[in-house]
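Each chain gets a letter, A, B and so on, in the order its sequence line appears, and its residues count up from 1. Quantities reported herein were computed from a predicted structural model and do not represent experimental measurements.
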Amino acid sequence: MLRIAHLLEAQLRAAMERALPEAAQPLDPQLAPASKPEFGDFQANGALPLAKPLGQPPRQIAQAIVVQLKADPSFAELCLDPVIAGPGFINLTLRPERLCAEVAARLGDPRLGVPSVASEDAPGQRTAPVVVDFSSPNIAKEMHVGHLRSTIIGDCLARVLEFRGHPVLRLNHVGDWGTQFGMLITHLKQVAPEALDTADAVDLGDLVAFYRQAKARFDEDDAFQATSREEVVKLQGGDPLSLKAWGLLCEQSRREFQTIYDQLDITLSERGESFYNPTLQAVVDDLRAAGLLVVDDGAGCVFLEGVRGKDGQPLPLIVQKRDGGFNYATTDLAAIRYRFAAPPAGDGAGRVIYVTDAGQASHFAAVFQVARRAGWIPDGASVEHVPFGLVQGDDGKKLKTRSGDTVRLRDLLDEAVQRAEADLRRRLAEEGRSEDDAFIEQVATTVGLAAVKYADLSTNRITNYQFSFDRMLALTGNTAPYLLYAVVRIAGIARKGGDQVGATSGALQFGEPQEWALIRELLKLDGVIAEVETELLPNRLCSYLFELSQVFNRFYDQVPVLKADEPARSSRLALCRLTTGTLKLGLGLLGIPTLDRM
RNA sequence: GGGGCUGUAGCUCAGCCGGAUAGAGCGACGGUUUCCUAAACCGUAGGUCGUGGGUUCGAGUCCCGCCAGCCCCGCCA
């Protein structure tokens, strides 16, 4: 429907120019989707703001525009007669045959009418890659609920961008470098030296415990702190023993992370902080050469523009610590520099997206500002922080286990699947159905993981997100099970209707309002995807899929498909096919696979 | 102290470039099954959009003040 909207907008603008030659340019028709179904498909609000400058009543202006519109034969081909409503809105309704033609076109299009950038503006020309930086757990720690949102949201955004045809670099900026390793290695040397030269000498759970101990010592023991800092310097300087220990720890964590990514069907390229180590000094040197670096109290700083502290002094971004070491700001700057730099010395990215919690907003704002002033962000390129809120429990506080620990991601996912299985078994017993264990496991896994992903993606990411197994696994409402069930219903029709569902029928013919409602919903897909691509808000896609499921369920409930006579039967089957295609595509972009039965 | 985010129905949340009478879902209440999976559908009730100003033909949306909650603010990420 985007293509039609663009056509209409051009027609409207031309009509306005003809109707109102005395009006100031440029004229904006203010074309928008109709706010209610009874208003048609689109509304143009452009007459309203012209009332005052032109000194005419807005309805009169609208009338003049409508006269010109109706004189345009290409408009008349597209729409029924426009209707002026309210204070001066122009309501537009597409001709049914145009809607049918759109449906027919999509039935034969594997992309369902969503264009790919590869075929859009510059055919043949390679578009610059988009970097999506997400997940980013820390080595020697387990993935916990804090990584959930970044991982799920980042994967979804990457999928949408990939589907739109962008080359996407899914980068896992793991915490595999820096002070924490100094602490951990120093501590292990004293309490479990075998962990530093033997693979898997201690398991990850122990490593996590050691990490906690190391952190505690670091915070209160000055001598330990000093040794740890020396250890970091040795590591960053390439000391073989330190490097070996570091490699073992990383490998062990990596395998642990991978089981979670496999479970969630998430692809990531690991490129941790350590990758940028060789370029950190150059980053600082470049900043110095650019005249941005100021040594203050022994630390290398870049003072920020527009950010002031208590006493009105500019706040610094510290890029080199007093002891000569580098910190996360240095690494983040090195990453930006590399990602935008031309290949082979960089990624040549045109857009870089950071999916991290909202608490890091000021950090990224500072880093982006410094990178910009250093000239590392090319003209036309964009760097965006995609923030998200905290995961909270039912009590509205940060999600914790009953004993007050952070929730491990694997435990959380397992519990979702277990609850889905228990619910399924209960339902099967109630309905007297019997299914084998393989089916039950398959359904429970799909439903459980889908519920976790969908619950996260379906709320606006900026606000905090209240985690609730009961709500996300509910069979009704805006949940994954509700959407999956719509797909299952269509699969049921396909089973009963044989290969009819797959066949493209002849002329499509529709008459029922439920059919038209479904068609209008189906045709919104391309616009929704375009919106997610620019706004980076997966919940827009979720809302769309939920509304589509609702409209479909109404259709399913009120309009017979298999029992209908031709040509209604074939036309309705075609709608079912397009609906299931749209739902599967949309859910797929959320990282959610579908089922034929549940 | 400075900065950021949030505040919309009992609960969880949408609300796009400022547009028509502010929307869903859950929960509550009432209905629907000879029929493609009722994990569904239909209906009713429920609102001072935190608050006070301002801009505008028009404000949940933009600007300013205030209140509340959360988060960040020199060598952790």
Side-chain angles (χ1 to χ4, degrees), chain A residues 28 30-36 39 43 45 48-49 51-52 58 85-89 91 136 138 173 175 178-180 215 218 273 296-301 306-312 315-323 325-329 331-332 356-363 365-366 387 389-390 392 396-398 423-424 427 431 433 447 455 458-460 462-466 468 470-471 474-479 481-482 484-486 488-497 527 531 535 537 539-540 542-543 546-547 550 553-554 556-558 560-563 576 597-598:
Chain A
D28 180 5
Q30 296 198 10
L31 185 70
S35 57
K36 289 188 177 183
F39 299 151
Q43 60 185 70
N45 305 337
L48 295 165
K52 199 169 190 187
F89 302 109
N91 289 338
S136 312
N138 290 314
H173 191 79
T179 317
Q180 78 244 26
K215 172 85 173 117
F218 186 85
E273 296 170 348
D296 189 78
D297 198 14
C301 305
V307 186
R308 288 172 185 284
K310 287 192 214 324
D311 36 10
L315 284 177
L317 180 72
I318 293 182
V319 295
Q320 186 158 27
K321 297 186 282 186
R322 201 168 13 196
D323 64 7
F326 304 110
N327 62 5
Y328 60 97
T331 308
D332 282 341
T356 77
D357 69 274
Q360 296 187 50
S362 45
H363 165 67
L390 255 52
Q392 300 173 316
K397 291 183 183 159
K398 201 171 167 182
D423 185 65
L424 177 60
R427 296 184 61 82
E431 292 167 22
R433 269 170 74 187
V447 170
S458 62
T459 167
N460 185 318
I462 305 202
T463 52
N464 290 345
Y465 153 54
Q466 204 170 96
S468 161
D470 288 334
R471 270 202 300 275
L475 309 167
T476 58
N478 188 6
T479 65
Y482 179 87
L484 290 171
Y485 180 63
V488 162
R489 284 186 133 180
I490 300 171
I493 292 178
R495 272 195 304 276
K496 297 277 166 64
E531 202 175 291
E535 309 282 326
L537 290 172
N539 66 302
R540 296 276 165 83
C542 295
S543 298
F546 176 54
E547 277 157 30
Q550 281 185 308
N553 274 329
R554 245 165 253 153
Y556 179 95
D557 192 64
Q558 294 160 16
V561 177
L562 293 175
K563 291 194 168 63
C576 288
R597 295 197 305 126
M598 61 193 277

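At the heavy-atom level, A:D423 lies nowhere under 4.0 Å from the strands shown. Within 4.0 Å (heavy atoms only), A:Q466 reaches sugar-phosphate atoms of the nucleic acid but no base atom. Heavy atoms of A:T463 sit under 4.0 angstrom from primed sugar atoms or phosphate atoms, though from no base atom. At a threshold of 4.0 angstrom between heavy atoms, the contacts of A:R554 are confined to the sugar-phosphate backbone, with no base atom among them. Within the nucleic acid shown, A:N138 has no heavy atom closer than 4.0 Å to any nucleic acid atom.
Distances shorter than 4.0 Å separate none of the side-chain N or O atoms of A:R471 from OP1 or OP2 on B:U12. For A:R489 and B:A38, the shortest distance from a side-chain N or O to OP1 or OP2 is below 4.0 Å. Distances shorter than 4.0 Å separate some side-chain N or O of A:T459 from OP1 or OP2 on B:A14. Put simply, A:N460 has a side-chain N or O that comes within less than 4.0 Å of OP1 or OP2 on B:G15. The side chain of A:N539 contributes an N or O atom lying less than 4.0 Å from OP1 or OP2 of B:G15. Between A:Y482 and B:C41 there is a side-chain polar atom (N or O) within less than 4.0 angstrom of OP1 or OP2. Between A:R540 and the phosphate of B:G15, there is a side-chain N or O to OP1/OP2 separation shorter than 4.0 Å. Regarding contacts with the backbone of B:C41, every side-chain N or O of A:Q558 stays at 4.0 angstrom or more from both OP1 and OP2. Within the 4.0 Å cut-off from OP1 or OP2 of B:C36, not a single side-chain nitrogen or oxygen of A:K563 is found. An OP1 or OP2 oxygen of B:C76 is reached within less than 4.0 angstrom by a side-chain nitrogen or oxygen of A:K321.
For A:D28 and B:G18, the CG to P distance is 11 Å, given to the nearest whole Å. As rounded to whole Å, 10 Å separates atom P of B:A14 from atom CG of A:N478. The CD-C1' distance, from A:E273 to B:C76, rounds to 11 Å in whole Å. Across the protein-nucleic acid pair, A:Q550 atom CD and B:A39 atom C1' stand 14 Å apart, rounded to whole Å. Rounded to whole Å, the distance from CG on A:L562 to P on B:C35 is 14 Å. With rounding to whole Å, A:I318 atom CD1 is found 12 Å from B:C76 atom C1'. Going from atom CZ of A:R495 over to atom P of B:C36 covers 12 Å, rounded to whole Å. Atom CG of A:D557 is separated from atom P of B:C42 by 7 Å (rounded to the nearest Å).
Picking from B:C72, B:G19, B:C75 the nucleotide with the shortest atom distance to the side chain of A:F89 gives B:G19. The nucleotide whose nearest atom lies closest to any side-chain atom of A:D297 is, among B:C35, B:A20, B:C75, B:C75. Side-chain proximity of A:A299 to B:C75, B:A39, B:A14: nearest is B:C75. For A:P316, the side-chain atoms get nearest to B:G74 when compared with the rest of B:C57, B:G74, B:A20. You'll find that the side chain of A:Y328 is closest to B:A77, out of B:G19, B:A39, B:A77. Across B:A38, B:G19, B:G74, the shortest atom-to-atom separation from the side chain of A:Y556 is found for B:A38.
Between the side chain of A:S35 and the base of B:A20, a donor-acceptor pair under 3.5 Å is found.
Each of A:N553 and A:A34 lies near RNA chain B, and the nucleotide nearest A:A34 is the one positioned closer to the 5' end. Comparing A:L48 and A:T476 by the nucleotide of RNA chain B that holds the closest heavy atom to each, the one mapping nearer the 5' end is A:L48.
Proximity of a side-chain donor or acceptor of A:N478 to a complementary backbone N or O of A:S458 within less than 3.5 Å is not detected.
Checking A:N553 against A:Q550 by side-chain atom types alone, no donor-acceptor pair falls below 3.5 Å.
Both thresholds, 5.5 Å between centres and 30° between ring planes, are not jointly met by A:F546 relative to the base of B:A24, so the two rings are not stacked.
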message: Show me the dot-bracket string of RNA chain B, counting Watson-Crick or G-U pairs under 3.5 Å, with | for pairs to another strand and [ ] for crossing ones.
response: (((((((..((((.....[...)))).(((((.......))))).....(((((..]....))))))))))))....
